[in-house]
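Have a look at the structure below, then the notes.
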Amino acid sequence: MQNKISLTHPVFKFISEAAEESGFDTYAVGGFVRDQLLQRDCKDIDFVCVGSGIELAEKAAKKIDPRLNVTVFKNFGTAHFKWNDLDLEFVGARKESYQRDSRKPIVEEGTLQDDQNRRDFTINALAVSLNKNTYGQLIDPFSGVEDLGNKIIRTPLDPDITFSDDPLRMMRAIRFATQLDFVIEKETFESIKRNCERIKIISQERITDELNKIILAKIPSIGFILLEESGLLKIIFPEMQNLKGVENYEGKGHKDNFYHTLQVLDNLTKTSRDLWLRWAAILHDIAKPPTKKFVPGHGWTFHGHEVLGSKWVPSIFRRMKLPMGPEMKFVQKMVFLHLRPIALTKEEITDSALRRLLFEAGDDIENLLMLCEADITTKNREKVKRYLTKFEVVREKLKEVEEKDQLRNFQPPVTGELIMETFGIKPSREIGVIKEEIKEAIIEGKIKNDFNEAFGMMLELGAKLGLKPISE
Ligand code: CTP
């Protein structure tokens, strides 16, 4: 870690000059200072001045480029503008305190120290001076630099106060611990445990934002384990909490599905950065608890968990305020199909089984295979190797079948309209029957995925159903 802040970007000189002219002591603060010290890229910079943040923003923007557009939030006393790829936010230093059951703060003007006191963590409470005489000096009242070096998340004040001011900070602590691979200091973590119920006053959108950041981290399991240990998981995601635990019967236990799910998720991060595929990993076994059964002489079974799990996806997405469009449908499909590729590796692979999978997975087949590979969590290395080799065979064969039959984006070679025209019939059950049987015949390899063969079959099926082509 470095302990110098690089203020080489021209933006700092402009803001420093504007600060000097306004007579406001001004500092770059928060995440930007933290990320500079960690040598992480940061495009959002927050500035605090002892005075009017709005006036400072307007002055600074004028100096940089008079055409810049400054957005002012009068009620909050903040102003914001973009310059090239930078997002710059200005605020006057404040003393802030919150009422217990509301997020609405009572705001008063304050000093830099007041502003630092009300920040979430010591590593986020660092400030760097932009004032002429002390330019570049780090102001670190809570030993944030030391905490950065020791990889510790800690609140600047009594954690009960900091978390009570904004309970979302409990999730933020866990999110930072996950993203940065830091440890949450004991007192701070104990306070999260004590205050976890307070998360209920936070909007679902803010909670989900933090959850998604945890999911997109390199090792998301760090965050989920902390969420579980703190008591937050059972409040924000009870279905996932229910995955935890092992039941024993007649000396036979099943695996703990919470830790298994986390391992699948961590495995997947090595091959995919896709948030939705990661959600599919989180939800793939979500319905195991209610489908669990002990079958004497056999052991634990979870029959139908993929079907029930996929049925749960829309309600979980709705509650989490996640998008209800194609992203949700994709996750639902992945959960529904997650057992299929592995089932293929266990038996003789037939072309019709491959065609059926291609037909159902469509363009998402590669994502499905990635999810299934991540789902192999056995500790037995030989077994892992065997599965992975078989997966390669499945991949190869899927490629061959796809090249031959082009089933990925299957369009029925004979449409409903053509069936109606040919037999002179109105919309009816028979049309569905004919289309379904043609599709099945293509998947089973009885006919090719081509118009002539499908048309011939349609005539045969029509005859069986007592239909006659009108041209005869
Ligand atoms: N902050 C806080 N309490 C919150 C949110 C933010 O005290 N609930 C403060 C922290 O000092 C933080 C700064 O506001 O550093 C900026 O917040 P934000 O942009 O949300 O977070 P960053 O720390 O910049 O991190 P990230 O961009 O990864 O969210």
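We count ligands from 1, going down the list as the structure has it; atoms in each ligand are counted the same way.
Contacts between F176 and ligand 1, counted as non-hydrogen atom pairs separated by less than 4.0 Å, involve the side chain only. Only the side chain of D46 comes within contact range of ligand 1, with a heavy atom under 4.0 Å; no backbone atom does. Contact annotation for E210 and ligand 1: no heavy atom of the residue comes within less than 4.0 Å of the ligand.
The shortest side-chain heavy-atom distance between D285 and H305 falls under the 4.5 Å cut-off.
Contact atoms of ligand 1 toward D166: 4 (C), 8 (N) (distance under 4.0 Å to a heavy atom of the residue). For ligand 1, the atoms sitting less than 4.0 Å from at least one non-hydrogen atom of G30 are 15 (O), numbered in the order shown with element in parentheses. For ligand 1, the atoms closer than 4.0 angstrom to any heavy atom of K213 are 29 (O). Residue R34 has at least one heavy-atom neighbour below 4.0 Å for each of these atoms of ligand 1: 22 (P), 23 (O), 25 (O).
Considering backbone and side-chain N/O of D44, none are found under 3.5 Å from N/O of ligand 1.
Salt bridge present: R206 and D166 bring a charged side-chain N and a carboxylate O closer than 4.0 Å. Here K59 does not pair with E21 in a salt bridge; the nearest charged N to carboxylate O distance is not below 4.0 Å. Between D160 and R194 there is a salt bridge, since at least one side-chain N of the basic residue sits less than 4.0 Å from a carboxylate O of the acidic one.
Using a 30° and 60° split on the angle between ring planes, F121 and F176 fall in the perpendicular class, above 60°.
Looking from atom 29 (O) of ligand 1 to the surrounding protein, the closest heavy atom is R175 NH2, 3.0 Å. Among protein heavy atoms, atom 15 (O) of ligand 1 sits closest to G31 N, 3.1 Å. Looking only at protein heavy atoms, the nearest one to atom 10 (C) of ligand 1 is D120 OD1, 3.3 Å.
Distance check: E210 CD to T178 OG1 gives 10.0 Å after rounding to the nearest 0.5 Å. Atom CG in L130 sits 6.0 Å away from atom CG in L7 (nearest 0.5 Å).
Taking the centre of each ring, H254 and H260 stay at or above the 6.0 Å mark.
With F189 as the fixed residue, the side-chain contact (heavy atoms from CB on, under 4.5 Å) test singles out one of K186, E185, K193: K193.
Distance check for atom 3 (N) of ligand 1: a protein heavy atom is found below 4.0 Å. The protein does not reach atom 27 (O) of ligand 1 closely, with no heavy atom under 4.0 angstrom from it.
Between the choices R172, R119, R169, the shortest heavy-atom distance to atom 21 (O) of ligand 1 belongs to R172.
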